[in-house]
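As the structure is a prediction and not an experimental result, all values here were calculated from the model. Order of the sequence lines fixes the chain letters, A, B, ..., with proteins taken first and strands second; residue numbering starts at 1 for each chain.
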Amino acid sequence: MKYWLMKSEPDCFSIDDLKRVKREPWDGVRNYQVRNMFRDEMAVGDKAIFYHSNAKKETGAVGVMTIASKAYPDPTQFDPKSDHPDPKSDLDNPRWLLVDVAYESHFKYPVLLSEMRLDPKLDGLPLLAKGNRLSVMPISKKHFEYICKHGS
DNA sequence: GCCAACGTTGGC
DNA sequence: GCCAACGTTGGC
């Protein structure tokens, strides 16, 4: 099983939103590296940390979700009214993929980015690498479990 | 709102 | 293939 960290802006889609709907297509990703991870590396049952980016209050890890589907074409790429339409994507060979995610749990306490930066146990966490802008990234089991423990 | 860092695009 | 210009991400 693999472990992931996935970012979302809470103003756009928060962990509370995910809790309400239980399961959601993780759409809108327009980055080839992430597309390839969806396609080649994610598997149903993998665990992911839900991370609130660009949050007004608390930027950090807020809970856990499960990967609930294989990768499939992101329908929003073909919708001119969506936030990220891609007119160059081909219906027969879609450029962008997504996976469904399912809610698992809220952390009791958010694990803030500022705390994670100071924690030597999280050295090497890709989230903390300078200039890392990936919205989805693999993390080690050790880091995953450590963050979960910290949030509980 | 600012800005550093990065990815993508497109001209050549 | 190079690289400048531009757009986006995301912390602060």
Side-chain angles (χ1 to χ4, degrees), chain A residues 2-21 24-42 46-67 69 71-101 103-140 142-144 146-151:
Chain A
K2 288 201 173 72
Y3 298 89
W4 306 90
L5 184 146
M6 298 169 74
K7 300 178 182 176
S8 179
E9 302 196 12
D11 285 350
C12 173
F13 185 76
S14 74
I15 190 166
D16 298 316
D17 295 325
L18 181 60
K19 184 178 188 181
R20 196 173 323 117
V21 299
E24 179 77 4
W26 200 265
D27 60 20
V29 170
R30 299 292 181 265
N31 173 285
Y32 290 103
Q33 269 180 272
V34 176
R35 191 270 316 266
N36 296 346
M37 287 189 259
F38 282 166
R39 187 189 58 202
D40 304 329
E41 293 175 55
M42 270 192 184
D46 284 359
K47 302 288 182 197
I49 294 203
F50 197 126
Y51 175 88
H52 280 171
S53 65
N54 246 329
K56 292 201 180 65
K57 280 184 61 187
E58 292 172 321
T59 290
V62 291
V64 176
M65 54 195 174
T66 308
I67 307 305
S69 80
Y72 62 95
D74 180 345
T76 67
Q77 67 196 299
F78 301 116
D79 178 359
K81 290 188 301 254
S82 82
D83 288 336
H84 307 281
D86 186 347
K88 292 189 200 148
S89 189
D90 180 358
L91 256 178
D92 295 324
N93 185 20
R95 186 180 289 189
W96 305 115
L97 304 175
L98 56 72
V99 298
D100 288 355
V101 297
Y103 175 80
E104 189 156 312
S105 60
H106 272 67
F107 290 153
K108 192 168 172 194
Y109 311 103
V111 183
L112 301 182
L113 177 62
S114 51
E115 302 173 56
M116 291 194 275
R117 278 200 193 290
L118 295 173
D119 194 331
K121 285 257 171 52
L122 293 176
D123 278 358
L125 183 68
L127 175 73
L128 308 179
K130 185 181 172 195
N132 177 18
R133 288 170 43 199
L134 286 177
S135 62
V136 174
M137 67 196 81
I139 67 175
S140 69
K142 214 184 253 179
H143 284 161
F144 179 88
Y146 183 77
I147 293 169
C148 291
K149 198 177 74 179
H150 246 248

ring-ring contact (aromatic ring centres under 6.0 Å, His included) against A:Tyr3, all qualifying residues, sequence neighbours excluded: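 ring-ring contact (aromatic ring centres under 6.0 Å, His included) check on A:Tyr3 returns A:Phe144.
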
Exercise for the section: Kindly write out the residues that satisfy ring-ring contact (aromatic ring centres under 6.0 Å, His included) with A:Tyr32, not counting sequence neighbours, or none if the list is empty. Expected result: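 Only A:Trp96 meet the ring-ring contact (aromatic ring centres under 6.0 Å, His included) criterion with A:Tyr32.
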
Name all residues meeting the side chain to side chain contact (heavy atoms under 4.5 Å, CB included) criterion together with A:His150; count only those two or more places apart in sequence or in a different chain, and write none if there are none.
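Side chain to side chain contact (heavy atoms under 4.5 Å, CB included) check on A:His150 returns A:Val111, A:Glu115, A:Asp119, A:Tyr146.
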
Protein-proximity profile, nucleotides 5-12 of chain C, B/S/- by nucleotide at the 4.0 Å heavy-atom cutoff, equals --BBBBBS

For residues 8-16 of chain A, which side-chain donor-acceptor pairs fall under 3.5 Å, sequence neighbours excluded?
{"from": "A:Ser8", "atom 1": "OG", "to": "A:Phe13", "atom 2": "O", "distance (Å)": "2.6"}
{"from": "A:Glu9", "atom 1": "OE2", "to": "A:Asn54", "atom 2": "ND2", "distance (Å)": "3.3"}
{"from": "A:Asp11", "atom 1": "OD2", "to": "A:Lys56", "atom 2": "NZ", "distance (Å)": "2.6"}
{"from": "A:Ser14", "atom 1": "OG", "to": "A:Asp16", "atom 2": "N", "distance (Å)": "3.2"}
{"from": "A:Ser14", "atom 1": "OG", "to": "A:Asp17", "atom 2": "N", "distance (Å)": "3.2"}
{"from": "A:Ser14", "atom 1": "OG", "to": "A:Asp17", "atom 2": "OD2", "distance (Å)": "3.3"}
{"from": "A:Asp16", "atom 1": "OD1", "to": "A:His106", "atom 2": "NE2", "distance (Å)": "2.7"}

Practice task
Applying side chain to side chain donor-acceptor pair (under 3.5 Å), name anything that partners A:His84, two or more places apart in sequence or on another chain.
Solution key: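 Side chain to side chain donor-acceptor pair (under 3.5 Å) list for A:His84, sorted by chain: empty.
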
